[in-house]
Amino acid sequence: MIRRSVILGTGSYLPDRILTNADLAASVDTTDEWIVERTGIRQRHIAADGELTSDLGVAAARRALAAARLTADDVDLIVVATATPDQTFPSCATVIQHKLGMVRGVAFDVAAVCSGFLYALSVADAMLVTGAANTALVIGAETFSRLLDWSDRGTCVLFGDGAGAVVLRAENAPGTSADRGILASKLHSDGRYNDLLYVDGGPGSTGTVGKLRMKGREVFRHAVTNLASVMTETLAAAGLAATDVAWVVPHQANLRILEGTAKKLGLPIERVIVTVDGHANTSAASVPLALDAAVRDGRIKRGDLLILEAMGGGFTWGAAAVRW
Ligand code: COA
């Protein structure tokens with residue numbers, strides 16, 4: 001028998017305020033038609049004044065704990081993926097730990113921007129299978145609206161705020177590709193591409209938060225290639241192939257990236273969970289938001305093979321093969 005990290009529950013949270021493409025067209029030179037055609041995005045959610053990344057993360061975490069029929073007292077590890085922590089430090093994870101009323105366990109953030117959830121899931125999985133922890137909350141939470149240059153139509157239309165979470169628990173399993181849980185995960189990064197997607201400020205350089213800057217066309221080009229290759233690599237590591245996949249649960253940046261990646265893998269778009277239309281790119285929150293949507297509406301069923309994937313600034317990218 002080996003230890004496997006099994007997802008026992010999922011949860012997500014989107015702020016109440018919705019900003020439509022038409023709302024944006026009133027303030028920057030864009031149209032609903034352009035945004036829908038080039039990205040598939042129709043609306044995004046924006047956190048209220050005073051509503052912090054940790055608040056979004058706590059709301060998603062509570063829903064994931066309820067779905068898992070566990071409480072915060074059962075958790076001994078919190079890993080939060082975010083590029084928009086409430087403060088430079090302490091970590092968003094320790095803030096969430098405190099807001100959940102936890103007084104034990106280990107809590108820390110990982111920074112891998114839009115790939116953050118895959119990084120956090122992979123780190124938590126490694127800690128669970130080695131016995132460093134038993135029950136983990138893995139959270140992706142972001143308020144990207146606060147990093148945007150609202151006068152730059154090339155970026156401000158693409159992002160939104162939100163959070164998603166999963167509860168992972170170590171369980172004993174035979175060690176085959178039929179096991180429940182995380183069967184394999186693969187991560188990559190390549191800092192040569194730091195300047196294609198970045199924030200032009202930070203605590204150690206300008207002393208300010210900065211605004212998001214992106215060369216969208218170049219990011220797009222790398223995304224499809226990197227995502228298709230890491231998905232194939234991850235499935236092979238699990239002894240599986242694209243034909244075994246029931247659902248692709250992707251990072252939600254652009255519908256055309258989802259279509260291009262699915263095509264490269266030979267999978268129909270019908271097997272891809274698409275939520276980008278409803279909440280745009282929520283960075284580290286987008287994979288668990290999509291996962292939670294498809295779990296709650298019943299598309300994802302026990303025994304299904306899922307492939308989670310994401311790519312983000314750095315570049316960073318990764319995938320995880322999960323048996324539901
Ligand atoms: N409304 C209207 N026109 C816009 C616009 C907007 N919101 N944003 C850009 N344009 C214009 C550009 O100025 C450009 O005009 P020009 O040809 O006169 O210079 C034209 O549209 C085409 O721009 P381009 O950047 O080539 O478009 P595109 O088809 O590559 O789509 C993105 C742009 C950003 C949607 C696309 O590149 C993308 O999604 N990239 C990846 C982004 C991403 O995934 N980032 C996060 C990864 S985690």
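Residue indices begin at 1 and follow the sequence shown. Both counts, for ligands and for their atoms, begin at 1 and track the order of listing. Quick note: numbers below take in every heavy atom, side chains included, and nothing from hydrogens, waters or symmetry partners.
Atoms CG and CG, on Asn254 and Leu158 in that order, are 7.5 Å from each other to the nearest 0.5 Å. Here CG of Leu19 is found 5.5 Å from CH2 of Trp150. Values are rounded to the nearest 0.5 Å.
For atom 44 (O) of ligand 1, the protein comes within 4.0 Å by at least one heavy atom. Within a 4.0 Å radius of atom 17 (O) of ligand 1, the protein contributes no non-hydrogen atoms. In this structure, atom 3 (N) of ligand 1 has protein heavy atoms in its sub-4.0 angstrom surroundings. Protein heavy atoms are absent from the space less than 4.0 angstrom from atom 20 (C) of ligand 1. Protein heavy atoms are absent from the 4.0 Å sphere centred on atom 14 (C) of ligand 1.
A salt bridge does not link Asp195 to Arg213: none of the charged side-chain nitrogens sits closer than 4.0 Å to a carboxylate oxygen.
Among Ala253, Cys114, Ala25, Gly216, the residue whose heavy atom lies closest to atom 40 (N) of ligand 1 is Gly216. Between atom 31 (O) of ligand 1 and the options His251, Gln252, Arg256, the minimum heavy-atom separation is to Arg256. Considering each of Thr30, Val224, Leu24, the one bringing a non-hydrogen atom nearest atom 6 (C) of ligand 1 is Thr30.
Inter-residue side-chain proximity for Pro85 and Thr53 is flagged as unmet; no heavy-atom pair is nearer than 4.5 Å.
Short contacts between ligand 1 and Met311, defined as distances under 4.0 Å to a heavy atom of the residue, involve ligand atoms 48 (S). Of all atoms in ligand 1, listed by their number and element, those nearer than 4.0 Å to a heavy atom of Val157 are 7 (N). Of all atoms in ligand 1, numbered sequentially from 1 with element shown, those under 4.0 Å from a heavy atom of Arg38 are 22 (C), 27 (O), 28 (P), 29 (O). Atoms of ligand 1 lying under 4.0 Å from any heavy atom of Thr39, numbered from 1 in the order shown and given with element: 35 (C). Within ligand 1, the atoms closer than 4.0 Å to a non-hydrogen atom of Leu158 are 34 (C), numbered from 1 in the order shown.
From the protein, the heavy atom lying nearest to atom 8 (N) of ligand 1 is Trp34 CH2, 3.3 Å. Nearest protein heavy-atom neighbour of atom 23 (O) of ligand 1: Arg217 NH2, 4.1 Å. Scanning the protein for heavy atoms near atom 39 (O) of ligand 1, the closest one is Asn254 ND2, 2.6 Å.
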- request: For Val167 and Asp74, run side chain to side chain contact (heavy atoms under 4.5 Å, CB included): C-alpha distance rounded to whole Å, both residues' side-chain angles, the deciding distance at 0.1 Å, then the answer.
  value: CA-CA 10 Å; Val167 176; Asp74 298 308; over 6 Å; no
query: Does the side chain to side chain donor-acceptor pair (under 3.5 Å) test come out yes or no for Ser145 and Asp161, once each step is laid out?
result: CA-CA 6 Å; Ser145 62; Asp161 301 337; 2.7 Å; yes
task: Show the numbers, then the answer: is there a side chain to side chain contact (heavy atoms under 4.5 Å, CB included) between Leu168 and Ile182?
output: CA-CA 9 Å; Leu168 279 187; Ile182 299 176; 4.1 Å; yes
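At a heavy-atom distance under 4.0 Å, only side-chain atoms of Asn281, from C-beta outward, approach ligand 1. Of the heavy atoms in Ile257, only side-chain atoms (C-beta onward) come closer than 4.0 Å to ligand 1.
Scanning all heavy atoms of the two residues, the minimum distance from Ala285 to Gly140 falls at CB-O, 3.5 Å.
Enclosure of atom CZ in Arg42 is not indicated, since only 12 or fewer non-hydrogen atoms of other residues, nucleotides or ligands lie within 6.0 angstrom. Counting non-hydrogen atoms of other residues, nucleotides and ligands closer than 6.0 Å to CG of Asp16 gives a total of 12 or fewer.
A side-chain donor-acceptor contact under 3.5 Å links Arg44 and Asn21.
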Distance-only donor-acceptor hits, side chain of residues 309-319, under 3.5 Å, sequence neighbours excluded:
from	atom 1	to	atom 2	distance (Å)
Thr316	OG1	Ala112	O	3.0
Thr316	OG1	Ser115	OG	2.8
Thr316	OG1	Gly313	O	3.3

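Residue contact check for ligand 1: Gly154 places a non-hydrogen atom closer than 4.0 Å to it.
By the 3.5 Å distance cut-off applied to N or O atoms, Arg153 is counted among the residues near ligand 1.
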